[in-house]
There are 2 protein chains.
Amino acid sequence: MTQSEVESTDRRILELLAADGRMSFTDLGKATGLSTSAVHQRVKRLESRGMIRGYGATIDHEQLGLPLAAFISIRPIDPSQPDDSPERLQGIREIESCWSVAGEESYILKIRVPTPADLEDLLARIRSAANVATRTTIVLSTPYENRSVV
Amino acid sequence: MTQSEVESTDRRILELLAADGRMSFTDLGKATGLSTSAVHQRVKRLESRGMIRGYGATIDHEQLGLPLAAFISIRPIDPSQPDDSPERLQGIREIESCWSVAGEESYILKIRVPTPADLEDLLARIRSAANVATRTTIVLSTPYENRSVV
DNA sequence: AGTGAAACCCTACCAGC
DNA sequence: GCTGGTAGGGTTTCACT
């Protein structure tokens with residue numbers, strides 16, 4: 001269904017929750033001029049409609065021992081085979097994101113590992129799991145990431 | 001209790017909060033075998049140490065009217081100038097992420113817009129704001145994104 | 001660091017409009 | 001869809017270990 005006209009109050013709620021996923025319904029109510037119950041209703045509706053996919057904590061991976069991030073673009077070695085790379089790679093925990101893209105390569109992966117040696121090992125696992133060639137771009141720093149574009 | 005046990009409990013808490021940022025301290029306690037107060041203490045410490053950067057709701061951008069995502073790699077036109085692209089681009093709301101990378105280009109941006117026409121407009125704004133050449137890779141679909149790599 | 005108790009606040013549900 | 005009310009549960013602090 002394409003009846004997705006999100007009105008400004010819902011948009012404001014999404015904006016607030018994108019910035020602080022633990023904000024209480026009471027505070028959301030104060031920020032939007034609605035009662036707690038009304039906000040509660042709206043948030044539950046946004047959740048059930050899938051507009052809110054979920055809630056998560058943002059972790060500092062460098063402090064956690066995963067300082068090395070990289071983009072790995074992949075391309076099938078045998079283009080006659082059906083490309084089910086996402087399913088084949090899904091079990092590899094180091095892969096944070098997988099995007100299907102237009103262009104030279106078929107997918108872009110974003111990964112996190114502790115050390116260059118782990119990256120080398122990961123590349124070998126990706127190549128053999130999905131039968132693909134890879135191109136790797138190392139992330140040097142992250143000025144900002146996952147900002148809300150609501 | 002030894003140091004490694006402490007570490008693994010914190011790690012478990014981070015894992016749980018990464019998967020569900022609104023999980024209650026009560027439930028975190030049940031999942032880790034700690035009292036509510038102990039979990040509360042640990043989470044507050046993880047927050048103040050910056051291990052937890054924040055909490056956010058994950059929004060379905062397609063439903064929100066932003067179905068077009070893309071990666072834009074940028075490269076300075078005049079390499080003799082200092083490269084302060086991140087600050088110059090920070091005000092552009094369509095840019096969700098900005099990574100400094102090793103390789104042909106200096107930064108990779110991830111952006112979201114409603115239509116191809118908006119992308120065209122955005123590219124012009126990026127080029128003139130940061131004095132850069134751009135290379136754009138359109139995202140066709142997103143099998144998965146921002147999975148927890150804890 | 002962890003526990004349990006208590007005060008306080010929030011959530012979730014219910015009528016009623 | 002919104003409001004106010006309420007019961008139950010969650011959060012936060014505190015004294016103690």
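Proteins come first, then strands; the chains are lettered A, B, ... in the order of their sequence lines, and each starts at number 1.
- Out of C:dA12, C:dT3, D:dT3, the shortest distance to the side chain of A:K44 is found at C:dA12.
- Judged by closest nucleotide on DNA chain D, A:T9 is the one of A:T9 and B:K30 placed further toward the 5' end.
- Along DNA chain C, the nucleotide closest to A:T26 and the one closest to B:V39 are compared, and the more 5′ of them pairs with B:V39.
- Atom CG of A:D20 and atom P of C:dC10 are 13 Å apart (whole Å).
- To the nearest angstrom, P of D:dC2 lies 14 Å from CZ of A:F25.
- In terms of phosphate contacts, B:S24 brings no side-chain nitrogen or oxygen within less than 4.0 Å of OP1 or OP2 of D:dG9.
- Comparing C:dG2, D:dC2, D:dT11 against the side chain of A:R22 picks out D:dT11 as the nearest.
- Put simply, B:H40 has a side-chain N or O that comes within less than 4.0 Å of OP1 or OP2 on D:dT12.
- To the nearest angstrom, P of C:dC10 lies 21 Å from CE of B:M23.
- When the shell of 6.0 Å around CD of B:E87 is examined, it contains more than 12 heavy atoms from other residues, nucleotides or ligands.
- For B:E7 and C:dA1, the CD to P distance is 12 Å, given to the nearest whole Å.
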Given B:L64 and A:R11, is the side-chain contact (heavy atoms from CB on, under 4.5 Å) satisfied, shown in steps?
-> CA-CA 9 Å; B:L64 243 186; A:R11 205 169 275 266; 3.6 Å; yes
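- Of all non-hydrogen atoms in A:M23 and A:A31, the two that sit nearest each other are CE-CB, 4.5 Å.
- The shortest distance between the side-chain N/O atoms of B:R42 and the OP1/OP2 oxygens of C:dG2 is below 4.0 Å.
- With 3.5 Å as the limit, one finds a donor-acceptor pair spanning the side chains of B:T134 and B:R127.
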Atom pairs, N/O to N/O, protein against nucleotides 14-17 of chain C, distance under 3.5 Å?
none

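- Side-chain atoms of A:N131 and A:D78 form no donor-acceptor pair, as typed in the model, at a separation below 3.5 Å.
- For A:S35, the side-chain atoms get nearest to D:dC2 when compared with the rest of D:dG10, D:dC2, C:dT11.
- Shown here is B:E120, whose CD atom has no more than 12 heavy atoms of other residues, nucleotides or ligands within 6.0 Å.
- A:L28 places its CG atom 16 Å from the C1' atom of D:dC2, with the value rounded to the nearest Å.
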Stepwise salt bridge (charged side-chain N to carboxylate O under 4.0 Å, His left out) test for A:D60 and B:R49 | CA-CA 10 Å; A:D60 187 330; B:R49 288 189 183 170; over 6 Å; no
